[in-house]
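One structure below.
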There are 2 protein chains.
Amino acid sequence: MAENTSLDEIDIRILRELSRDGRISAADLAQRVGLSATPVIRRLRRLEDSGVVSGYTALIDETALGYSMSVFVSVKLDRQVDGAMRRFEAAILTLPEVVDCWLMTGNRDYLLRIAVTGLKEFEALMIERLVKIESVASIESSIPIRRVKSGIARSP
Amino acid sequence: MAENTSLDEIDIRILRELSRDGRISAADLAQRVGLSATPVIRRLRRLEDSGVVSGYTALIDETALGYSMSVFVSVKLDRQVDGAMRRFEAAILTLPEVVDCWLMTGNRDYLLRIAVTGLKEFEALMIERLVKIESVASIESSIPIRRVKSGIARSP
DNA sequence: CATAATTTAGCATGATCCACTACATGATAT
DNA sequence: ATATCATGTAGTGGATCATGCTAAATTATG
């Protein structure tokens, strides 16, 4: 996808504006980056085609959906063979509660962020799903109090 | 902001489509949720006004911007008084490298995700910025290998 | 149970805005 | 000097959103 990754300052400014407002029109975008609309939209299409911009999304308040609780879960597998990891990851991808998942160095753990409606749902997820995934050895969970900074990605 | 949080199934479907494509037009959105455009756009405006939809953003590939490395940083303060926390959080908000930050339970730590171009930038951030923040007692960092699942929020 | 009130959907209209194309200009590199 | 690339302008066709009005459905009330 991402090939011609030679971004100049105008591209960066385009990306910055797009992360501020993903629905901005090409005309407004052009005004903000100090170019006319034509080259701006051409640049944007190229950024999209090259995968630098992989999509657009609405920022939705998880709390309003009822998912007022997040939990960070650290998972350790009992064996670190590829097959077990692949199966674990495949299982994770099917769980809508798991918002984010990283394969970590060190103890070869996974770090997950889970969004649930409350402790009850979290308990159910733990007992009925997570611990039942093959080769999951141990699970450690930490509950955050508050989100101090919520970024999608490092801003351009 | 979020007041009248009575979301019916159509609202949920609207949110689901908007998280899949934040630039979808009202007409297309209407077709997908099985309504005509007028009520759909009225619902969407209400979701925006109530804060359920707080904005729109482009999904930008951090790697393409050069931020190919993430680091999870766990910070412990030497004292948990409000003033120290406020100052720490204020400092965090000014650091563009810090993408995400949570105040955690337990050891009253902060968990941060940091996006940097590489170890060199991370070292500089650590030494020149993070440890110099008042009342930071200890810092522990873990480096992820790969992002298995990258969600913005739990999908509606 | 019936009727009124409120809410919500649907349709049509109009004005605006948008993206795309073609062509000309200017800069840069070969 | 030629080729290449990026920008700007202009024009056009299409699409988009907001609005006003009506019908229908849902809810509240007597």
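Per chain, numbering begins at 1; letters A, B, ... match sequence-line order. Treat the numbers as computed from the prediction; the structure is a model and nothing was measured.
- Residue A/Arg42 is in base contact, counting any heavy-atom pair closer than 4.0 Å across all strands shown.
- Taking atom CZ of B/Arg23 as the reference point, atom P of D/dC17 lies 12 Å away to the nearest angstrom.
- In this structure, the CG atom of A/Leu47 is 12 Å from the P atom of D/dA6, given to the nearest Å.
- Here the straight-line distance linking atom CD1 of B/Ile14 with atom CG of B/Asp8 works out to 8.0 Å at 0.5 Å rounding.
- A/Ile24 places its CD1 atom 17 Å from the C1' atom of D/dC17, with the value rounded to the nearest Å.
- In this structure, A/Arg45 atom CZ and C/dC20 atom P are separated by 5 Å, rounded to whole Å.
- Evaluation of atom-type donor-acceptor distances gives no pair under 3.5 Å for the side chain of A/Ser36 against the base of D/dT9.
- In this model, the phosphate group of D/dA6 is approached by a side-chain N or O of A/Arg46 to a distance below 4.0 Å at OP1 or OP2.
- A heavy-atom distance below 4.5 Å is found between the side chains of B/Glu97 and B/Glu121.
- Spacing between atom CG of B/Leu35 and atom P of C/dT7 amounts to 18 Å, rounded to whole angstrom units.
- Note on A/Thr38: a base of the nucleic acid sits closer than 4.0 angstrom, heavy atoms only.
- In this structure, B/Leu15 and B/Leu7 have side chains that are in contact, with non-hydrogen atoms separated by less than 4.5 Å.
- Atom C1' of nucleotide D/dA10 and atom CD1 of A/Ile41 are separated by 16 Å, given to the nearest angstrom.
- Rounding to the nearest 0.5 Å gives a distance of 8.0 Å between SG of B/Cys101 and CG of B/Leu111.
- Counting to the nearest Å, the P atom of D/dG8 and the CG atom of A/Leu29 are 13 Å from each other.
- Atom CZ in B/Arg43 sits about 11 Å away from atom C1' in C/dT7, given to the nearest Å.
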